[in-house]
Amino acid sequence: MANKKIRVRYAPSPTGHLHIGNARTAIFNYLFARKNKGKFIIRIEDTDTKRNVGDGETSQLDNLKWLGLDWDESPENPGDFGPYRQSERNHIYKPLIQQLIDEGKAYESYMSEDELEAQREEQRARGVMPHYEYEFAGMTEDEKQAKIDEAKAAGIKPVIRFAVPKNKEYKWDDMVKGEVSFQSNTIGGDFVIAKVDGTPTYNFAVVVDDHMMEISHVFRGDDHVANTPKQMMIYEAFGWDHPKFGHMSLITSADSGKKLSKRDESIIQFIEQYRDLGYLPDAMFNFITLLGWSPVGEDEIYSKKEFIKMYDENRLSKSPAAFDNKKLEWINNQYVKSSDEDIVMDLALRQLVKAGNIQSNPDALTVEWCRKLINVYKQQMSYMAQINEMASVFFEDFDQVSGEALEEISNDTAPVVLKEFSELVKNIEVFDTVEILKTIKTVQKNTKIKGRQLWMPIRIAVTHEMHGPELPETIELIGRDKALKHIEQTLNQIK
RNA sequence: GACCCGUUGGUCAAGCGGUUAAGACACUGCCCUUUCACGGCAGUAACAUGGGUUCGAGUCCCAUACGGGUCACCA
């Protein structure tokens, strides 16, 4: 193995946007490649033209880039092993399929889909695993030919099936699961390698492509385990060595415990959605990498570079990883706090505009205001869209103080504080944090009221909330006019 | 149903025959503090069950239970 080049691939089918599970597969392959100074390749598996969606491929690549991945070969930047789309490789598959037929390792099958379905139905009813039963079983050459002629006459076009070797064991040393083995008789019978239209099926195309592209290691989801013996048979039929396989546990939903279903709405599943909500790409990369893999130390926040350095495929977990939303938020918050002010600013501002709280193309003054606002909330944000919710006091109008807040200021000292404060505020020259703080201190000196009895009335009067960020900052952001107006309202209410 | 695989606190997860069974998230308490958040400190809490093997088992083996994956002319 040491003398062989390391080449791994991520091979999405362009049937939709980048799913979190696929992103994870891509990341682990990427990490493995970069760690071992190998190549990371992207191949598009689009043999099922019916299921392809128009922007599937670009969307996949886009989101991968957003996550910070880069690759050495792909449809966009082909290497020496192209084409990198399966739909463009038919001229490669065709002769290979023919070769298997010629060698008697594959054959034409005339069973219709209806017949197949009926067969499976009957098998299910009997409680056996649904599988294809050899349609020419026990026939002489003549009988067989007669049957084929009959099918042809009926207009049935054949598919090509691979003749599965009988009573053979297929086993491999899985890079994450250890030794796994299957009996050839239990894999569902002779499987289809070419469809009616002549295009190869997945199990055939991957083998050919992985071999031709000299892929050395394949990391993929657990859901491919049962495909592996089929693929090994094809490698065997051609006399090729198969790559090393590693099957990673799936991501499960924390509350159902099942494989993430695209319909599960308790979890956001597509990378694009995280992007839209203003999550940070590095944080997402970090979070996803920790899904089913763990570093040696006790820390959990690492950069991509650090992950590459310490990546070890032996630490991939065998048991499924539950998607923990709380952890996602925590990790993202760690990144928000340590991120460059400008990055956070840029992303958060976009969210403010998107929500309609700030007009698009804001002027310099507004941008400056936003900068202050965002800094006030930076410590507690996980993703940028939260700014709209967190800072709602600055965007919404409200009339009455109520509930606990009202109780808090229903006393003799509150009006005194508020009157004094509002008088002083009117005369502040530069309405900023420093001056506001000074003013609050002055109120304290003048009224001899301090602590909670001093701060709370001001906070509640200005924001109508008991909780919020630092008061001077908050007041500065609210602005003098609005602050005075709110104080006056409150005064009227408790008088 | 058959075939594969898994099972350490509420969640993720170290551990690879001898440990006081790490750490993180969450939770609770305390501190910081005008409040919230951040931060700091402390705490509750786990080896699915039953048999072996062994001087000794979370770690190895076998059952059982539970959970998951796969059984397409999809990938």
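Remember, predicted model here, so these are calculated numbers, not experimental data. Chain naming here is simple, since letters A, B, ... match the order of the sequence lines and numbering starts at 1 in each. All values below were derived from every heavy atom in this structure, side-chain atoms included, with hydrogens, water molecules and symmetry-related copies excluded.
Nucleic acid contact class of Lys337(A) (heavy atoms, under 4.0 Å, all strands): sugar-phosphate only. Heavy atoms of Asn333(A) sit nowhere under 4.0 angstrom from any nucleic acid atom. Across all strands shown, Gly468(A) has heavy atoms under 4.0 Å from base atoms, whether or not it also approaches the sugar-phosphate. As judged by a 4.0 angstrom heavy-atom cut-off over every strand, Arg161(A) is placed among residues touching the sugar-phosphate backbone only. Nucleic acid contact for Leu250(A): sugar-phosphate only, since backbone atoms but no base atoms lie under 4.0 Å from a heavy atom of the residue. Counting any heavy atom pair closer than 4.0 Å across all strands shown, His131(A) reaches no nucleic acid atom.
The nucleotide whose nearest atom lies closest to any side-chain atom of Thr201(A) is, among U34(B), A75(B), C12(B), A75(B). Side-chain atoms of Ala321(A) lie closest to A13(B) of the nucleotides A13(B), C73(B), A22(B). Between U34(B), C73(B), A24(B), one nucleotide has an atom nearer to the side chain of Met456(A) than all others, and that is U34(B). Closest to the side chain of Asn203(A), from the set A72(B), C36(B), A75(B), is A75(B). When distances run from any side-chain atom of Arg51(A) to the nucleotides A75(B), U35(B), A72(B), the shortest one goes to A75(B). Distances from the side chain of Ala226(A) to the nucleotides C73(B), U35(B), U70(B) place U70(B) closest. Of the listed nucleotides (A13(B), A75(B), C73(B)), A75(B) has the atom at the smallest distance from the side chain of Glu45(A). Taking the side chain of Val196(A) as heavy atoms from C-beta on, and the options A13(B), C73(B), U35(B), the nearest nucleotide is C73(B).
Projected onto RNA chain B by closest heavy-atom contact, Leu471(A) and Ser249(A) fall at different nucleotides, the more 5' of which corresponds to Ser249(A). Comparing Met466(A) and Lys157(A) by the nucleotide of RNA chain B that holds the closest heavy atom to each, the one mapping nearer the 5' end is Met466(A).
The aromatic rings of His486(A) and His464(A) sit tilted, their planes meeting at an angle between 30° and 60°. Between His217(A) and Phe219(A), the ring planes lie parallel to each other; the angle is under 30°, not in the 30° to 60° tilted range.
Judged by Watson-Crick or G-U wobble contacts below 3.5 Å, the nucleotide G58(B) has no partner. For C30(B), the paired nucleotide is G40(B), the pair qualifying as Watson-Crick or G-U wobble because both relevant distances are below 3.5 Å. As the counterpart of U64(B), A48(B) is assigned, both hydrogen-bonding distances of the Watson-Crick or G-U wobble pattern falling under 3.5 Å. Of the nucleotides present, none pairs with U53(B) by Watson-Crick or G-U wobble criteria with both distances under 3.5 Å. In this structure, C73(B) forms no base pair with any nucleotide, since neither Watson-Crick nor G-U wobble geometry is met with both distances under 3.5 Å.
By the 6.0 Å contact criterion, NZ on Lys450(A) is open, its count of non-hydrogen atoms from other residues, nucleotides or ligands being 12 or less.
Straight-line distance between the P atoms of C66(B) and A75(B): roughly 35 Å, to the nearest whole Å. For the P atom pair drawn from G15(B) and U7(B), the interatomic distance equals 13 Å after rounding to whole Å. Distance noted for atom P between C25(B) and G39(B): 9 Å (whole Å). Taking atom P in both A57(B) and G51(B), one finds a spacing of 13 Å when rounded to whole Å. Annotation: C61(B) and C41(B) have their C1' atoms spaced 46 Å apart (nearest Å). Separation of the P atoms belonging to C60(B) and G6(B) is 11 Å when rounded to the nearest angstrom. Nucleotides C47(B) and C12(B) have their P atoms positioned 15 Å apart, rounded to a whole Å. As rounded to the nearest Å, C27(B) and G10(B) have C1' atoms that lie 9 Å from one another.
Between the NZ atom of Lys177(A) and the CG atom of Asp222(A) there is a distance of 3.5 Å, given to the nearest 0.5 Å.
The distance between the ring centers of His224(A) and His247(A) does not fall below 6.0 angstrom. For Tyr107(A) and Tyr134(A), the ring centers are positioned less than 6.0 Å apart. A centroid separation of less than 6.0 Å is found between the aromatic rings of Phe287(A) and Phe323(A). Taking the centre of each ring, His242(A) and Tyr170(A) stay at or above the 6.0 Å mark.
Counting only distance, with no hydrogens or angles, the side chain of Thr186(A) and the backbone of Phe182(A) share no donor-acceptor pair below 3.5 Å. Between the Glu396(A) side chain and the Val393(A) main chain, no donor and acceptor come within less than 3.5 Å of each other.
Between Glu117(A) and Arg124(A), at least one side-chain N (NZ, or NE/NH1/NH2) sits under 4.0 Å from a carboxylate O, which counts as a salt bridge. Using a cut-off of 4.0 Å between Lys/Arg side-chain N and Asp/Glu carboxylate O, Glu45(A) and Arg85(A) are scored as not salt-bridged.
Geometric assessment of Arg161(A) against the ring of Tyr132(A) yields a positive cation-pi assignment under the 6.0 Å and 45° thresholds.
Of the side-chain N and O atoms in Arg120(A), one or more sit less than 4.0 angstrom from OP1 or OP2 of C73(B). Contact annotation: Thr252(A) side-chain N/O to G68(B) OP1/OP2 distance is not under 4.0 Å. Distances shown here put every side-chain N or O of Trp455(A) at or beyond 4.0 Å from the OP1 or OP2 atom of U35(B). Residue Arg315(A) places none of its side-chain N or O atoms closer than 4.0 Å to OP1 or OP2 of A13(B). Between Lys326(A) and the phosphate of C27(B), there is no side-chain N or O to OP1/OP2 separation shorter than 4.0 Å.
Counting atom types as modelled, Asn227(A) pairs a side-chain N or O with a base atom of A75(B) as donor and acceptor under 3.5 Å.
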Pull out every protein N or O sitting under 3.5 Å from an N or O of nucleotides 3-11 of chain B, one pair per line with the distance.
from	atom 1	to	atom 2	distance (Å)
C5(B)	O2'	Lys177(A)	NZ	2.9

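RNA chain B is contacted by Gln379(A), Gln380(A) of residues 372-393 of chain A, taking any non-hydrogen atom closer than 4.0 Å.
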